[in-house]
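Chain letters run A, B, ... following the sequence lines, proteins first and then strands; every chain starts at 1.
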Amino acid sequence: MALNEQQLQRRESLTKLRALGIDPYPPEEFPITGTSKQLKAQFDESPEEHLEVSFAGRIMVRRIQGKASFAVLQDEVGRIQIYLNRDEICPTEDKTYYNDVFKKLLDIGDIIGVKGHMFKTQTGETSIHVKSYTILCKSLNPLPMPKEVDGKTFDAFTDPEARYRMRYVDLLVNPKVKQTFIARTKTIRSMRNFLENKGYLEVETPILQSIPGGAAARPFITHHNALDIPLYLRIANELYLKRLIVGGFEGVFEFAKDFRNEGMDKTHNPEFTQMELYVAYKDYKWMMNTTEEMLRSICLEVTGSEVLRFGDVEIDFSKPFERLPIFEGIKRYTGHDLTGKSEDEVRAIAKELHVPVDETMGLGKLIDEIFGEKCEHHLIQPTFLMDYPVEMSPLTKKHRDNPALTERFELIINKKEMANCYSELNDPIDQRERFEDQVKLLERGDDEGMFLDQDFLRALEYGMPPTSGIGIGIDRLVMLLTNNESIQEVLFFPQMRPEKVTQPDSNDKFTAIGVPEEWVDHLKEMGFITVNILRKEDNAGKLSQTLNGYRKKKKLEIKALSPQDVETWLG
RNA sequence: GAUUCAGUAGCUCAGCUGGUAGAGCAUUUCCCUUUUAAGGAAGUGGUCCUGGGUUCGAGUCCCAGCUGGAUCACCA
């Protein structure tokens, strides 16, 4: 990457600092007496006391007023203004530390430590009166400069691509982003506390699996060299947690990063987080109550209220969640009762409703399509959508009242699937048959079919108690709680197509076309990192001037270049 | 994967039917000892995403590509 003017200036400042004997990246610790928030609170509590402080932060604003200066330092929790006076910073005749170092060699984005005392300015802002400062880190790239006036932000750093690729910059200049990720951590902590208080055990299960099971999704595949076998990144941890239930644990959960090799959009990232919970001797009805209780308390802990604003809708966790059998939902929103209807009858109804269907769709898929097209968008408030057709749920117990259905629910909030729960199938013979059906799907080329996991079946044959299990999409829950429309906003580093970077040519390649050795590194510094980039310059006169200008500016002790020299490089 | 919109200075953005590339902030220089939407004055800074094409002339029009966003498809 070619360095721009500001980057070159900062590098120059760096060498000047070193020339002054200042280490721009010192190794010593810099002890502080408090965060920006603490120092301000401490002073404001008893402003009459002389409060000596030590503080470190990143320079975000600088206002130089001749012999006095103000700056704003930012730490993890906020910002604090500092005041510097030339003759206090430099009590002797030597004013370098103020006139040169502070005013010229420091930049917005640099990290400094300051010592001084707290005071209030004439305009009433609690600030640090600095007696001495230490450079802790010189920053070589300029930060974007959003301005905030009366809570309104101007010139905000908004380009999504830049924000996601350079989350570190995003976090520095967009305070809301930091709040989102703090809320994410709070959400997970709140859920973990809830589950631990219930007595369930947090466990870890394999991420590298030789049989990717527990969901229908395309996996990422990798290879283990020593065993010389393919391994898959897990798409779910369901089958492992159930093995633990077989092994005698009665409540286990895991916050699991899962990986699915599918498309990406506002609600899907190739790696995402799911919390899966399995509890023995329970059914899906029990799980509805538990889920409801858990989400209500998480919402309260994270947002301070059981009622949540998301965009322009209000989502109420305080009331009991609706429990809506899928057939009832369809009846409510389309007027058609599908109970007991055959595949052909349902297909005809779908066509009548203008739901796009084709002949390959089975009964389960048809019902799912109708619901998705005609009903799902009505479900804003938390709703347990329950009793799915058996075809779509190969790991779920058949419904106690209707063998065509399963004991399964999905939790829908604001039109989005948040959680998926079953009364887990524990009949090993039934499970084997359902796996075999899935294998047939695979053999037909349906890449969503499930693999047959012999060891899991063997475990079930030893006997798994009746169990209810749930998977909750953590990313989507955090989106909801933080009022974010996109999953990329709740992942620190969402998946992006890799940036293309040009690898610099070796120095040999430059000397081979006649560039003097002492010039090569400087050319690279100026952005001519490959011979091809250099040769894009067609005006040797202009190029030699540019290079000599750089030589002069940096006061380089090397030979100046003639246009003829440069002409030969360009070939 | 399809459609569509976008890509111009470090950041946020203007740029008309094609005619020499603009602003604010940042940055540089000078002045200023309590400022705070950064005080005054003067400057610097651009492969207009890339590559082709049309044209006397392309940031602007056409084609292809790259990257991102949105919508759709896919996603138990």
Quiz item: Arg497(A) side chain N/O closer than 4.0 Å to the phosphate oxygens (OP1, OP2) of C66(B)?
Solution: no

Exercise. Give the rounded distance in Å between these two atoms: CG of Asn484(A) and P of A70(B).
Key: 12 Å

Quiz item: Rounded to whole angstrom units, what separation is found between the CD atom of Gln9(A) and the C1' atom of U28(B)?
Solution: 6 Å

Exercise. Determine, for Lys40(A) against Glu125(A), whether the closest basic-nitrogen to carboxylate-oxygen distance falls under 4.0 angstrom.
Key: no

Exercise. Output yes when Lys138(A) and Asp107(A) qualify as a salt bridge under the 4.0 Å nitrogen-oxygen rule, no when they do not.
Key: yes

Quiz item: Could you state the CD1-P distance from Ile64(A) to U29(B), rounded to the nearest angstrom?
Solution: 10 Å

Self-check item: For atom CG of Asp453(A) and atom C1' of A76(B), their distance in whole Å
Solution: 17 Å

Self-check item: Counter-base of A21(B), judged by Watson-Crick or G-U geometry with both distances under 3.5 Å
Solution: none

Self-check item: Whole angstrom value for the distance that separates C1' of A6(B) from CD of Glu161(A)
Solution: 11 Å

Polar-atom pairs under 3.5 Å, protein N or O versus N or O of nucleotides 11-15 of chain B: list them with distances, or write none.
none

Self-check item: Base U28(B) to side chain Gln6(A), donor-acceptor N/O within 3.5 Å cut-off
Solution: no

Quiz item: Does Met479(A) reach the side chain of Ser486(A), with side-chain heavy atoms less than 4.5 Å apart?
Solution: no

Self-check item: Rounded distance (Å) that lies between atom P of G46(B) and atom CG of Asn4(A)
Solution: 9 Å

Practice problem: Report the distance from atom CG of Asp170(A) to atom C1' of G68(B), rounded to the nearest whole Å. | Solution: 15 Å

Exercise. Please determine if Asp430(A) and Lys397(A) form a salt bridge, counting it only when a charged side-chain N lies under 4.0 Å from a carboxylate O.
Key: no

Quiz prompt | Pair partner, A41(B) [Watson-Crick or wobble, under 3.5 Å] | solution = U29(B)

Practice problem: Answer yes or no: is there an ion pair linking Asp87(A) with Lys95(A), defined by an N-O contact shorter than 4.0 Å? | Solution: yes

Practice problem: Answer with yes or no whether Asp265(A) presents, from its side chain, a donor or acceptor under 3.5 Å of a partner atom in the base of C72(B). | Solution: no

Quiz item: So what's A70(B) paired with, Watson-Crick or G-U wobble, going by both distances under 3.5 Å?
Solution: U3(B)

Quiz item: Any side-chain N or O of Arg165(A) less than 4.0 Å from the OP1 or OP2 oxygen of G68(B)?
Solution: yes

Exercise. Taking only the side-chain nitrogens and oxygens of Gln488(A), find out if one of them lies under 4.0 Å from OP1 or OP2 of G69(B).
Key: yes

Quiz prompt | Results of side-chain contact (heavy atoms from CB on, under 4.5 Å) for Lys67(A) - residues two or more places apart only | solution = Arg86(A)

